[in-house]
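Accompanying notes for the structure given below.
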2 protein chains.
Amino acid sequence: MHISSTKNGDLIASVKTLSAVQTEVKSINRIALSVDCVIFGFDENKLKVLLIRSDLKKFHEKWSLLGDLVDPKEELDAAANRILKQRTGLDDVYLEQVRTFGGINRHPAGRVVTVAYYSLINIQHHKLKILDNELHWHDVNDITELAFDHKQILDISYEQLQRRVQEHPLAFSLLPKKFSLRELQNLYEAILDTKMDRRNFRKKFFAMDFLIDLNQMEQDVPHRPGKLYNFNYNKYEKKKKKWIGIDF
Amino acid sequence: MHISSTKNGDLIASVKTLSAVQTEVKSINRIALSVDCVIFGFDENKLKVLLIRSDLKKFHEKWSLLGDLVDPKEELDAAANRILKQRTGLDDVYLEQVRTFGGINRHPAGRVVTVAYYSLINIQHHKLKILDNELHWHDVNDITELAFDHKQILDISYEQLQRRVQEHPLAFSLLPKKFSLRELQNLYEAILDTKMDRRNFRKKFFAMDFLIDLNQMEQDVPHRPGKLYNFNYNKYEKKKKKWIGIDF
DNA sequence: ATTTAATGTGTAAAATAAACACATTATTGG
DNA sequence: CCAATAATGTGTTTATTTTACACATTAAAT
């Protein structure tokens, strides 16, 4: 016995049927599912995204996100991690689902629904992996178009990154383990596309308690070197605000 | 010619193949896709969610979200809207994707990846539709378990609602067109599960410019009636903050 | 030794959030 | 009709957070 979705029929029936019997979904109702990864990096004080060249004729010379089909026996997160591992060689990577894009004609190969993830990696840590010139780190703010609906996916992922980075200490994944406050500020300025006051920025981060002063200095900088810090995630605890601000 | 995903193989190959040729994805790589709707309502000063009784043996007596399979020719948003229309009779409803849940064993019928949506509706507007006692409005805070992974979906949707409601004026969808400030505050207190100061709350909302004083009073209340207001979405414009707050 | 280009630091003003109390109004019940 | 009740409606003060702003210090380069 098979289960079918009833697009215009009675929902109760189909829900009950789907729930009621432990059986397979009809093949005709299945859809190709892919994962696309928006891999952010940070280099030369710019926020970058890792893209692969599309050689599809229709998208000639366009770049696209890194994606692959999800295996029916594979977790979604596992699929995203697999792509990251294959692409960057990195295993322990900040990874977060953005949302799912399901436009009917978004992919020329037919109906392919894709789950977007973004991840934050330190470019230095896998620099050697990109020998392939099909892959390239692009400045996020220079990208005007991509293959398929990937520009839209990038835009929404970038917006989500900007929001999340202000609420959670994720951005540190983009930096080397030891970093100066200037590097940290450059990172935030790149992500949020804004300039900040240095004194206020430092005040803010010192007030939080998870920057560890390493008592080391930057090396090989052509000016007075800054102190180096470490990020200690263990010290981070989400604040609980008394007043729930309503702000729109 | 078909395209296959190569779970452990070379990603470049599979991506290129998927991009390169306009052809169908192999049937074996397709996955059942469903949409589950977390339909929020507001009644008796409580935040409610609309649930359907699951009659699956394994989930005997458990409640579940309203969902259905996505038709391969159907947009994701369209599928969610279809469920809402069938369930509540309402067409113009606030609807937002939450995220996708793809656990391998989340559904007893096999691999079913589900895209969660939440929506906000005014319970009064479709009260007559729920004659079916398979459907019931539950207090969100009373729910301890649901069928499948629906409790997790509910929790994450609820968290997203709480976040969004503080940044965008969505909550008005849950109220009648005319409402008093007390009703508005009760709503926010229910959603955010907190108590607020009445004077500060009023100050906050009057400072924004989209509450229209209707010069009407509440009727049939057993106390001094409050003024009635209207929400004017047109007057809402997202503020642009100078300083990008980093707050975690 | 001088120049250069950055780091490092404190304070005051402005804006926002939070705490707080009393008079007013319509309804209800005696 | 009058008193009691239960809500609405309103302003000010304090605390906290955000913002703006300037000068001395340090190491490297010349």
Side-chain angles (χ1 to χ4, degrees), chain A residues 44-45 165-167 175-176 178-190 192-209 211-230 238-248, chain B residues 44-45 162-163 165-167 175-176 178-190 192-209 211-230 238-248:
Chain A
E44 297 166 322
N45 287 343
V165 109
Q166 294 183 61
E167 292 166 5
L175 291 176
K178 300 173 180 184
F179 51 86
S180 68
L181 270 179
R182 164 54 61 186
E183 288 175 298
L184 186 62
Q185 183 172 344
N186 285 343
L187 173 62
Y188 273 91
E189 290 182 343
L192 298 174
D193 193 27
T194 187
K195 290 289 170 197
M196 296 171 177
D197 180 271
R198 186 157 45 98
R199 284 160 291 190
N200 293 333
F201 184 87
R202 299 167 73 88
K203 213 185 302 170
K204 194 122 196 170
F205 275 89
F206 286 138
M208 311 171 191
D209 219 19
L211 285 189
I212 300 168
D213 186 341
L214 294 175
N215 290 311
Q216 294 174 48
M217 293 299 188
E218 288 180 293
Q219 301 293 325
D220 306 316
V221 284
H223 52 77
R224 173 178 175 183
K227 279 186 170 183
L228 290 175
Y229 296 87
N230 227 330
K238 201 184 158 84
K239 275 181 298 183
K240 271 144 193 98
K241 296 175 190 172
K242 264 191 190 173
W243 165 264
I244 314 289
I246 295 163
D247 191 15
F248 47 79
Chain B
E44 296 167 323
N45 286 342
Q162 289 185 319
R163 250 177 283 116
V165 109
Q166 294 183 61
E167 292 166 6
L175 291 176
K178 301 174 179 185
F179 52 84
S180 68
L181 270 179
R182 164 53 60 185
E183 288 174 299
L184 186 62
Q185 183 171 346
N186 284 343
L187 173 61
Y188 273 90
E189 290 182 342
L192 299 174
D193 193 28
T194 188
K195 290 288 170 198
M196 295 169 179
D197 181 90
R198 187 159 44 101
R199 284 160 290 189
N200 292 335
F201 184 87
R202 299 166 73 90
K203 215 183 301 171
K204 194 119 197 172
F205 275 89
F206 285 139
M208 309 170 192
D209 220 19
L211 286 188
I212 299 169
D213 186 339
L214 293 176
N215 289 310
Q216 294 175 46
M217 293 298 189
E218 289 179 293
Q219 301 294 325
D220 305 316
V221 285
H223 53 76
R224 175 179 175 182
K227 280 186 167 182
L228 291 174
Y229 296 87
N230 227 331
K238 202 184 158 87
K239 275 181 298 184
K240 272 145 193 99
K241 296 175 191 172
K242 264 191 189 173
W243 165 263
I244 314 289
I246 295 164
D247 191 16
F248 46 78

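A note on names: the letters A, B, ... follow the listed sequences, proteins ahead of strands, and every chain is numbered from 1. Values below: all heavy atoms of this structure, side chains included; hydrogens, waters and symmetry mates excluded.
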For [X] and [N], give me the distance from atom [atom1] to atom [atom2], rounded to whole Å.
X        : N      : atom1 : atom2 : result
A:Asn186 : C:dA6  : CG    : C1'   : 12 Å
B:Leu184 : D:dT8  : CG    : P     : 12 Å
B:Gln216 : D:dT8  : CD    : C1'   : 17 Å
B:Met208 : C:dT16 : CE    : P     : 12 Å
A:Gln185 : C:dA6  : CD    : P     : 13 Å
A:Phe201 : C:dT7  : CZ    : C1'   : 14 Å
A:Phe206 : D:dT17 : CZ    : C1'   : 19 Å
A:Leu228 : C:dT7  : CG    : P     : 12 Å

Within the structure shown, what part of the strands sits under 4.0 Å from A:Arg182 by heavy-atom distance: base, sugar-phosphate, or nothing? sugar-phosphate

Please confirm whether the shortest side-chain N or O distance from B:Lys227 to OP1 or OP2 of D:dT8 is below 4.0 Å. no

B/S/- along nucleotides 21-30 of chain D (protein heavy atoms under 4.0 Å) is BB--BBSS--

Can you measure from [atom1] ([X]) to [atom2] ([Y]) and round to the nearest 0.5 angstrom?
X        : Y        : atom1 : atom2 : result
A:Lys178 : A:Lys227 : NZ    : NZ    : 15.0 Å
B:Glu44  : B:Asn186 : CD    : CG    : 12.5 Å
A:Leu214 : A:Leu228 : CG    : CG    : 6.5 Å

Checking side chain to side chain donor-acceptor pair (under 3.5 Å) between A:Asn200 and each of A:Lys203, A:Arg198, A:Lys204, which is the one that passes? A:Lys203

For A:Met196 versus A:Glu189, what's the shortest heavy-atom pair and its separation? N-OE2, 2.9 Å

For B:Ser180, is there any backbone N or O sitting under 3.5 Å from a side-chain donor or acceptor partner on B:Glu183? yes

